[in-house]
Amino acid sequence: GAAGGQGAVVQVAVVDEGGVEHAFNLVPQSGIAHHAYTTDADNPTFRAAQRAADWPKWKEAIEKEYKGIADNQTWKLVPDFVGSKPLGSKLVLKIKRLADGSVDKYKARLCILGNHQTPDQYGDIFAPVAQLKTFRLLCAIAAKYGLVLLSTDAQQAFLQADMDVELYLRQPPGYEVQLDSSGKPKILRLLKSLYGARQSPSLWHKKLDQWLVGRGPEVLSARVDATRVGGSTEAGEAPQAASARACPVGSFERAPGDSCLYRLRRGKEQLLFMLYVDDSVITYDEKVSQGLYDDFVAALHEDFKFDPVVPLEWFLKFEIKQDLREGTVNLSQMPFVRDFVEECGFTECRSAFTPSSPGLAPGTKWCPEAGSEEQREQVKRPYRSRIGSLLWVSRGTRPQLSYITGVLSTVLENPGAVHWKQVDHAVRYLCTTMNTGITYRRDAPTGKLYGAVDADFLPNYGVEFENFKSTTGWVFFYAGAAVSW
């Protein structure tokens, strides 16, 4: 058993790609005992997972995580020294589910406690992600022009990027402790980025971006040329040298308005690639660009570890349904809305057919007085969580919720009963219109991007005498539905 008799040791052995066996004795993590048994089944701690009926699946996920770490040669053991400032780590477990609520896979992540990093332990930490309006526009273009929508995820994405600074890690939970000659535990020097480190998202994005925009297409054209003429690249020769002899296909171009949307063109063939951290979307015309797609996917899987490409059906908790024959793409957040409504306890509630109660502007004048009983009661309720979920839905597929969620967001620090009434009304509206989404169509009346914008002054929108600011709203359409608002 583990120290103190809490939990049991679980032995795990993995073999890396080089045939080297790594042994781990997994024990419940110290420092988190205060919430070890209060987690839900989809996000358990190690100790809770060990006691669950589905423990064999969790153990398999943990073994897969440690095997990936070993295969990627993520770290090396070194003796501890003064000034190393090694960081701790923890195992994070999560069940990923499909749109219908069924289990997709059990996932385990070893994460650095990056909240303890000091400024000398990281550099640039900014990493862009694709905008939701880019994703919607991509779906609209696919519907309008009959392009196929596909997706693929990077496997342990952050482990595929090199660490940019000297960063040390204490031997992680379950690691078979290695000692130096003086009997002190050794520490791990990170050679690859790891989940939890502040700079890991930036390092991963930079590596893939460089491959796409910099050397990726040149290597691709070299492989394509060698395949078509029956030749091969000489052993030990740099990919850049081989690409000089190949027919160039040009590099990926970043979209001017979104640095996570890329386009690759080769003659009449073209392909669009959108990146959101480790999730990606690919779209192209099967009749025109199949060869370019095949070459790109082969190169991507050769230089990186990605899952097999599959039809795009589930992305960022959006459910996507594409009908190539009818020329439609439907976006829905129904699974997220369903879970949100259930969490709020509104599965059986009165119908609401408008996003907010008419005739009521929930401004700051409805906030409770400081120190009042109402304020003490309201602060206990999950107002921020409710507004966060409403914002995600309004930014995703429900522009009609944008105004009321924006107004309610102005009183996050001190909401009152009136504000909660409006939140409950918005949740009832979501329950009433749970299956509502956005559908883009090939046969939309106009094939052009068009939109409308308007602004109005108080008191029509907002609270009179409160801020004297006008409210502006806009919406742009393409392929028969809204793409930006």
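The distance from the OG atom of Ser356 to the CD1 atom of Ile404 is 4.5 Å, given to the nearest 0.5 Å. Considering CZ of Arg350 and SG of Cys431, their distance stands at 12.0 Å, rounded to 0.5 Å. Atom CG of Asp279 and atom CE of Met274 lie 8.5 Å apart (nearest 0.5 Å). The CG atom of Asp162 sits 12.0 Å away from the CH2 atom of Trp204 when rounded to the nearest 0.5 Å. With values rounded to the nearest 0.5 angstrom, Phe158 atom CZ is found 9.5 Å from Cys111 atom SG. A distance of 10.5 Å separates CG in Leu272 from CD1 in Ile282, rounded to the nearest 0.5 Å.
Of all non-hydrogen atoms in Ser280 and Leu275, the two that sit nearest each other are CB-CD1, 4.3 Å. A pairwise comparison of heavy atoms in Val213 and Ser251 identifies O-CB, 3.3 Å as the closest pair. Residues Thr433 and Tyr429 share a closest heavy-atom pair of OG1-O, 2.8 Å.
Paired with Gln156 under the rule side-chain hydrogen bond (donor to acceptor under 3.5 Å, both in side chains), one option of Lys64, Lys67, Lys192, Glu65 passes, and it is Glu65. Each of Lys94, Arg97, Lys107 was evaluated against Asp42; a single residue qualifies, Arg97, per the salt bridge (charged side-chain N to carboxylate O under 4.0 Å, His left out) test.
Here Trp485 and Phe476 keep their ring centres 6.0 angstrom or further from each other.
Under the 30°/60° scheme for interplanar angles, the aromatic rings of Phe296 and Trp211 are found to be tilted. Between Phe477 and Tyr450, the angle of the ring planes stays under 30°, which puts this pair in the parallel group of the 30/60° scheme.
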**Q.** CA sep, side-chain torsions, deciding dist, call: Lys287, Asp285, salt bridge (charged side-chain N to carboxylate O under 4.0 Å, His left out)
**A.** CA-CA 5 Å; Lys287 298 177 182 178; Asp285 189 333; over 6 Å; no

Q | Phe46 and Trp55: CA distance, side-chain angles, deciding distance, ring-ring contact (aromatic ring centres under 6.0 Å, His included) verdict | A | CA-CA 10 Å; Phe46 174 82; Trp55 164 244; 5.5 Å; yes

Q.
Between Leu191 and Thr74, is the side chain to side chain contact (heavy atoms under 4.5 Å, CB included) condition met? List the steps.
A. CA-CA 5 Å; Leu191 306 177; Thr74 306; over 6 Å; no

Q: Could you check Tyr66 against Leu110 for side chain to side chain contact (heavy atoms under 4.5 Å, CB included), going step by step and ending with a plain yes or no?
A: CA-CA 8 Å; Tyr66 276 115; Leu110 180 68; 4.2 Å; yes

Q | Derivation and outcome, salt bridge (charged side-chain N to carboxylate O under 4.0 Å, His left out), residues Glu60 and Lys57 | A | CA-CA 5 Å; Glu60 181 182 353; Lys57 295 180 180 179; over 6 Å; no

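A donor-acceptor contact closer than 3.5 angstrom is absent between the side chains of Thr347 and Arg338. At a cut-off of 3.5 Å, with distance as the only test, no side-chain donor of Tyr284 or Glu269 sits close to an acceptor on the other residue. Gln160 and Asn72 are not linked by any side-chain donor-acceptor pair at a separation below 3.5 angstrom, with hydrogens and angles left out of the test. A donor and an acceptor atom, one from each side chain of Asp209 and Tyr262, are located under 3.5 Å apart. When only modelled atom types and interatomic distance are considered, Asn330 and Thr439 share a side-chain donor-acceptor pair under 3.5 Å.
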Would you mind writing out the side-chain donor-acceptor pairs for residues 129-142 within the sub-3.5 Å range, not counting sequence neighbours?
residue : atom : partner : partner atom : Å
Gln131  : NE2  : Gly257  : O            : 2.9
Thr134  : OG1  : Asp258  : OD2          : 2.5
Arg136  : NE   : Val483  : O            : 2.9
Arg136  : NH1  : Arg395  : O            : 2.7
Arg136  : NH1  : Gly396  : O            : 3.0
Arg136  : NH2  : Val483  : O            : 3.2

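The pair Glu313-Lys321 fails the salt-bridge criterion, with no side-chain N (NZ, NE, NH1 or NH2) lying under 4.0 Å from an Asp/Glu carboxylate O.
With sequence neighbours excluded, no residue forms a ring-ring contact (aromatic ring centres under 6.0 Å, His included) with Phe340. For the salt bridge (charged side-chain N to carboxylate O under 4.0 Å, His left out) test, no residue two or more places apart in sequence or in another chain qualifies with Asp153. Judged as a salt bridge (charged side-chain N to carboxylate O under 4.0 Å, His left out), and not counting sequence neighbours, the contacts of Arg263 are Glu253. For Glu319, the salt bridge (charged side-chain N to carboxylate O under 4.0 Å, His left out) criterion is met by no residue, not counting sequence neighbours. Contacts of Asp104 classified as salt bridge (charged side-chain N to carboxylate O under 4.0 Å, His left out), with partners at least two apart in sequence or in another chain: none.
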